[in-house]
Amino acid sequence: METKNKAQDYVARKYPAVNVIDIDPWYNFKFGSYGVHVLTQNQEPISFYIEFYKNGYIDDNYLEAKLEKEATAMIKPIVEEVLPERETIVTSVHIPEKNDFDEHTVFSKDLSVGISVALDGQRILAENNLCIER
């Protein structure tokens with residue numbers, strides 16, 4: 001229960017606009033860290049993790065998960081139009097270490113992030129800037 005409360009407090013502090021609907025705790029025996037999988041419900045459900053380390057460091061991937069979902073929503077219709085036979089589209093967003101992003105940051109082609117796109121398991125794009133044209 002302590003891990004759930006710690007995670008809830010962390011989200012409330014770092015991402016106050018995020019509405020948490022589920023927290024599932026876990027323990028990483030390899031690194032001696034513990035954390036939670038979090039499910040949110042704002043406009044779209046977003047699943048992400050928070051990991052708490054012994055030295056006090058806390059890692060989470062909320063922004064990556066949120067921006068990846070938004071990037072996929074932007075890219076998928078274009079890819080499906082050009083390559084309709086593709087079955088899976090996986091988008092990864094790589095946020096620079098120094099950034100001023102928060103839970104209100106929205107993915108756009110002008111956002112300063114790295115992006116990777118894989119179609120049917122084949123990586124086709126890894127860029128810092130995305131050019132989207134129809």
Taking [Y] as the starting point, is it possible to reach [X] by hopping between hydrophobic residues whose side chains are less than 4.5 Å apart?
X: W26; Y: V11; value: no
X: F29; Y: Y34; value: yes
X: Y49; Y: I58; value: no

Find the distance between [atom1] ([X]) and [atom2] ([Y]) and round it off to the nearest 0.5 Å.
X: K66; Y: D102; atom1: NZ; atom2: CG; result: 8.5 Å
X: L119; Y: E85; atom1: CG; atom2: CD; result: 9.5 Å
X: T91; Y: M74; atom1: OG1; atom2: CE; result: 11.0 Å
X: I115; Y: T72; atom1: CD1; atom2: OG1; result: 7.5 Å
X: F107; Y: L63; atom1: CZ; atom2: CG; result: 13.5 Å
X: T3; Y: Y27; atom1: OG1; atom2: OH; result: 10.5 Å

Can you check whether [Y]'s main-chain N or O pairs, donor with acceptor, with [X]'s side chain at less than 3.5 Å?
X: N28; Y: F31; answer: yes
X: E68; Y: V93; answer: yes
X: T40; Y: N19; answer: no
X: K69; Y: S47; answer: no

Could you give me the CA-CA distance, side-chain angles and deciding distance for E70 and V106, then say whether side chain to side chain contact (heavy atoms under 4.5 Å, CB included) is met?
CA-CA 7 Å; E70 294 168 353; V106 176; 4.0 Å; yes
Any side-chain heavy-atom pair from [X] and [Y] closer than 4.5 angstrom?
X: D22; Y: V38; answer: no
X: V36; Y: D24; answer: no
X: V117; Y: V90; answer: no
X: Y15; Y: D60; answer: yes
X: F48; Y: L39; answer: no
X: D59; Y: F52; answer: no
X: K4; Y: P25; answer: yes

Any Lys/Arg nitrogen of K6 or E2 sitting under 4.0 Å from an Asp/Glu carboxylate oxygen of the other?
no
Begin with the C-alpha distance, continue with both residues' side-chain angles, and end with the deciding distance and a verdict on side chain to side chain contact (heavy atoms under 4.5 Å, CB included) for I89 and E80.
CA-CA 9 Å; I89 300 169; E80 287 175 341; 4.3 Å; yes
Ignoring hydrogens, what is the shortest heavy-atom contact between [X] and [Y]? Give both atom names and the distance.
X: A17; Y: H104; answer: CB-CE1, 3.6 Å
X: N99; Y: P96; answer: ND2-O, 2.8 Å
X: L67; Y: T105; answer: CD2-O, 3.8 Å

Aromatic plane relationship, Y57 with Y53 - under 30° parallel, 30 to 60° tilted, over 60° perpendicular:
tilted
